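Since we're looking at a predicted model, the values are computed, not measured. Every chain is numbered from 1, with letters handed out A, B, ... down the list of sequences. Scope of the values below: all heavy atoms of this structure, side chains included, with no hydrogens, waters or symmetry mates.
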Number of protein chains: 2
Amino acid sequence: MANIREIAKAAGVSITTVSRVLNGHPYVKEEKRKKVLETIERLEYARNMHAVHLSKGFSNMIGVVLPTISLPYFSELIEGIAEEAAKAGIHFALYQTNYQLEKEIFALEQLKQRQVDGLIFCSKAMSDEELLNWRETGPFILCQDSREQHFSTISIPHQEAFRCGLDFLIEKGHRKIAIGLARKNGVNSHFRLTAYKEALAAIGETYREDWVFERSLTITDGRKLFSEWSRMEEKPTAVFVANDQVSAGLYLEARHHNIDIPGKLAILSCDNQPISEVLGISTIEIKIKDMGRHAFRLLQKRISGHDPEKQIISYKLVKRLTV
Amino acid sequence: MANIREIAKAAGVSITTVSRVLNGHPYVKEEKRKKVLETIERLEYARNMHAVHLSKGFSNMIGVVLPTISLPYFSELIEGIAEEAAKAGIHFALYQTNYQLEKEIFALEQLKQRQVDGLIFCSKAMSDEELLNWRETGPFILCQDSREQHFSTISIPHQEAFRCGLDFLIEKGHRKIAIGLARKNGVNSHFRLTAYKEALAAIGETYREDWVFERSLTITDGRKLFSEWSRMEEKPTAVFVANDQVSAGLYLEARHHNIDIPGKLAILSCDNQPISEVLGISTIEIKIKDMGRHAFRLLQKRISGHDPEKQIISYKLVKRLTV
DNA sequence: CTGAAAGCGCTTACAG
DNA sequence: CTGAAAGCGCTTACAG
């Protein structure tokens, strides 16, 4: 395929001039510009971006690190990122980790090798302390809270939001409340658990470990959660789970077994995905797509040398029929 | 950041030798190899991949072109692609098009500029004829059927699969059957429509345009579909829709209005996502993730110079409670 | 406004 | 086994 030298020769100008036309520089006589453009068209020339990247030192590509894309939470987050990235003419590569540390390290190595200009961690397994070691490697941001001041973060105030949901349940008369968490060791789960313990303390209930369900992420997990609930001797009257997929599974399975909702079992979740609306499930709305959009802009700022900053995304209780 | 020259100097060897170590070439004295590795470690050296790509002429990165990632169909497809790509140590960039022609052209231009080594079209708006003009640009494959012999394709035999679903409905006594399609002008929709017309002809029913719902993709679309159904003077007794999201929306809304399913309204869809299992919706199972895996391998073959080939993914009728 | 030349950081025949 | 040198295809001060 043609390269810049051939274009220059064919158009009867210097390589420099071709490059100027390519990059939209001013100071090129209109006549020459036309000639060059014409030649490019005729020879079907396209720049070799590898050379451009080597020369310029960056690639206009960022990396998005996440456990899996098949959860609505993450695919919405990506949508938001993708939207802003497209506007800015920036590409992105996806690094699926399944929360495996080595996959996260792999992504960081890509950053080090300049494969990408920056990284967005949608969620991670690596500890903040460990990630701190990579600080000099290149710019990255987190879509979760961190007290580490060197990290730019965008997050939902999970503790506060979760507490808001718990208080709503309590206000509705519930005292026997179980919760479902996405991961055992995630940051978000940590904050939610804290909110849970605080809320229990506030109403004088004791914390029961068997009322904290873990690894609840999918519809299928929600269905399993119902089985566990129904096998319990002493049953919680309300279950507050991590996302609408879980609540959908739980709700549908419960309905299937003719459980009175919210009479016998109240259900609350987070996200406000379409499915929760169809099913009439009460939920805490989180604007995930917005978070993705902001995440991208935040990374852009870091890439262009701004100091780290912390951003917060708002949430909102959506009352429907399951509480 | 350190470059290969500094490593060479610090290790007391030539640049060539460092490169050999980096690339795992044989013929490097163990002693030197160790020394180089040590130096790399000490200086925290990482290759600048832009230079590697320029030198080698490829980037180990492919592009995945798709309308949106927030539909389960596509996110599963990506999962399959991602899985194989990770095994092969290949990255991928996502190009979301929303079926906009210029976005698809953009992706093809990236290919031309060597930004990616190849392209997987998960679904596209561009016609086969137009895409044919890009044949010389670089390797790409389609995840849909095409009679164009120059394209590698992997596909579900949509016409056959859809007919299988229709025959199942007919066998159950339905004659007034409506269908829902994802897009008006998609290839898949075309095949499904053909199957529909053939099935109607086979039972001597006339084709009614108002019984073909279009743009039915999401849960919300499924709910709308129910409203349309309920407003109809003459109601179809069965609706066969494009995916489990739509059938879920339709089913839930119908249940909400106390419609007897399948007595008053039979529902069938395609995919067999978890949600169809939870709701007990009959569906045609399509192994989308498998398709993604094979799609990646198919592209790999094209990239390494193999001739185009056509692959088919199997399907299976899953009988549950809605028919 | 224009061009010759150095530089980006690798890989890889080629010669030893 | 090893290294000097050419080459990948651009960009960008610098000098005019």
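B:R114 contributes no side-chain N or O that forms a donor-acceptor pair with the base of D:dG9 under 3.5 Å.
Counting to the nearest Å, the C1' atom of D:dC10 and the NE2 atom of B:H53 are 16 Å from each other. Rounded to an integer number of Å, the gap from B:K9 NZ to D:dG3 P is 15 Å. Spacing between atom OH of B:Y27 and atom P of C:dC14 amounts to 17 Å, rounded to whole angstrom units. The nearest whole Å value for the distance from the CG atom in A:L54 to the P atom in D:dG7 is 17 Å. Rounded to whole angstrom, the span from the CD atom of B:Q115 across to the C1' atom of D:dC10 amounts to 14 Å. In this entry the distance linking CD1 of B:I15 with C1' of C:dA13 reads 16 Å, nearest Å. The nearest whole Å value for the distance from the NZ atom in B:K56 to the P atom in C:dG9 is 18 Å. When the C1' atom of D:dA13 is taken as reference, atom NE2 of A:H25 falls 11 Å away, rounded to whole Å.
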### Message
Could you go through B:S14 and B:T17, starting from their C-alpha distance and side-chain angles, then the distance that decides it, and tell me whether this counts as side-chain hydrogen bond (donor to acceptor under 3.5 Å, both in side chains)?
### Response
CA-CA 5 Å; B:S14 74; B:T17 298; 3.2 Å; yes

### Message
Pair B:F121, B:L108 - check side-chain contact (heavy atoms from CB on, under 4.5 Å), show working.
### Response
CA-CA 10 Å; B:F121 281 91; B:L108 284 160; 4.0 Å; yes

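Using a 4.0 Å cut-off, some side-chain N or O of A:K32 falls inside it from OP1 or OP2 of C:dT2. Using a 4.0 Å cut-off, some side-chain N or O of A:Y45 falls inside it from OP1 or OP2 of D:dC10. The side chain of A:N48 places no N or O atom within less than 4.0 Å of a non-bridging phosphate oxygen (OP1 or OP2) of D:dG9. Phosphate proximity of D:dT11 to A:S19: present, with a side-chain N or O under 4.0 Å from OP1 or OP2. Considering only side-chain N and O atoms, B:T17 lies under 4.0 angstrom from the phosphate OP1 or OP2 of D:dG3. At least one side-chain nitrogen or oxygen of A:N23 sits closer than 4.0 Å to the OP1 or OP2 atom of D:dT11. Neither OP1 nor OP2 of D:dT11 sits under 4.0 Å from any side-chain N or O of A:S55.
The pair A:K9-A:E6 fails the salt-bridge criterion, with no side-chain N (NZ, NE, NH1 or NH2) lying under 4.0 Å from an Asp/Glu carboxylate O.
When Watson-Crick and G-U wobble pairs are counted only if both distances are under 3.5 Å, D:dT2 pairs with C:dA15.
With the nearest nucleotide of DNA chain D identified for both B:T16 and A:I4, B:T16 has the one nearer the 5' end.
Just one residue in the list B:I312, B:L298, B:I156 forms a side-chain contact (heavy atoms from CB on, under 4.5 Å) with B:M291, and that residue is B:I156. A:I120 pairs in a side-chain contact (heavy atoms from CB on, under 4.5 Å) with only one of the listed residues (A:V65, A:L299, A:L66), which is A:L299.
At the heavy-atom level, A:R20 lies under 4.0 Å from base atoms of the strands shown.
Of the candidates D:dC8, C:dC10, C:dC8, C:dC10 carries the atom nearest the B:V52 side chain, counting heavy atoms from C-beta on.
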